Amino acid sequence: MKESSPIGIFDSGYGGLTVFRSIAEKLPDYDYIYLGDNARSPYGDHAFETIYQYTLECVEWLFSKGCNLVILACNTASAKALRTIQQKDLPSKYPGKKVLGVIRPTAEVIDSFTKTKKVGVMGTRGTVNSESYLLEINKFFPKIKVYQQACPMWVPLIENNEHMQPGADFFVTEYCNALINQSSDIDCVLLACTHYPLIMPKLTAILPAGIEILAQGEIVADSLVDYLKRHPEIESTISRTANKSFFTSGDSKTFDEHAAIFFGEALQSGKMK
Ligand code: DGL
């Protein structure tokens, strides 16, 4: 019997489930394995070396489960670890395996969402300080001006399920104002953290009307569809029994209780061993 080779999807915690949800809708036939490093999340304020080490460990664990393709459904890991994994670890230790991130696919299409060519990027401190979005967007669209805002309180609020409480409004408003005060011409705000779609209703209410608020799920899913078409050598190795499994480095029961809000349906996870 052919061994299962699922697509691996990784995030520091729950946020990647918002991306996985869009991917599974677009590509329902493949097998998937999701890993959330909840025991060590949030990643946003960790040092570069720490984020790289944690991400590499999780990618290697997904490889050990048969994955030939892993998506880092986490902006912080994509910003801080992806390049080293792609340039150093894969060629020397895992030739033939692929790891993709979420920053490049988003940067590639951002132009179609802005008329003023002034884009706001909201992310974790790690993502913002890496300047990855500035660099990637300017590579593709040098005329776009990018304004960044770090939102360090949002992931902890979301991970603790406090994000829809009235108390969360203070931090949502504070970071939105700090972004908009940088330029009143911003007409597109990119949620450059896979957790942030969970606060979409609050963002829509607080950001000025007319601003497009962009979540990454669909963009990353479309980009994966395109990638698999262009890479039959990888696509042909992925098993197709429409199986989805979920793992966490944290507590499975807690993960299952929270994860449904992100994934849109109930699920049962196992403990990463
Ligand atoms: N969801 C992750 C992202 O997209 C990060 C959350 C964290 O700080 O761990 O950046």
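Keep in mind the model is a prediction, meaning the values are calculated, not measured. Whatever order the structure lists ligands and atoms in, that order sets their numbers, starting from 1.
Residue contacts with ligand 1 do not include G13, since none of its heavy atoms lies under 4.0 Å from the ligand.
When non-hydrogen atoms are compared, ligand 1 lies under 4.0 Å from the side chain of V155 (C-beta onward) but not from its backbone. The backbone and the side chain of C193 each have at least one atom closer than 4.0 Å to an atom of ligand 1 (non-hydrogen atoms only). Looking at T124 against ligand 1, only its side chain comes within 4.0 Å, counting heavy atoms.
Atom 3 (C) of ligand 1 has as its closest protein heavy atom N75 N, 3.2 Å. Protein heavy atom in closest approach to atom 2 (C) of ligand 1: C74 SG, 3.4 Å.
By the 3.5 Å distance cut-off applied to N or O atoms, Y43 is counted among the residues near ligand 1. Below 3.5 Å of separation, one finds an N or O of D11 facing an N or O of ligand 1.
Taking every heavy atom of G44 and a limit of under 4.0 angstrom, the matching atoms of ligand 1 come to 7 (C), 8 (O), 9 (O). Interface atoms of ligand 1 facing S12, defined by a heavy-atom separation under 4.0 Å, are 5 (C), 6 (C), 7 (C), 9 (O). Each of the following atoms of ligand 1 lies closer than 4.0 Å to a heavy atom of H195: 1 (N), 2 (C), 6 (C).
Each of L62 and F263 belongs to its own hydrophobic cluster when Ile, Leu, Val, Met, Phe, Trp and Tyr are linked at side-chain heavy-atom distances under 4.5 angstrom.
Here F171 and W154 keep their ring centres 6.0 angstrom or further from each other. Aromatic ring centres of F247 and W61: separated by under 6.0 Å.
Note: H46 and Y43 have tilted aromatic rings, judged against thresholds of 30 and 60 degrees for the angle between ring planes. In this pair, Y14 and F255 present their aromatic rings parallel. The plane angle is below 30°, not in the 30 to 60° band.
E108 and S223 form no side-chain donor-acceptor contact under 3.5 Å, judged by distance and modelled atom types alone.
Comparing heavy-atom distances from atom 10 (O) of ligand 1 across V128, T76, I158, N38 singles out T76 as nearest.
Remark: R40 qualifies as a cation-pi partner of Y54 under the 6.0 Å distance and 45° angle criteria applied to the six-membered ring.
Ion pair E60/K93 flagged as a salt bridge, since at least one NZ, NE, NH1 or NH2 atom sits closer than 4.0 Å to an Asp/Glu carboxylate oxygen.
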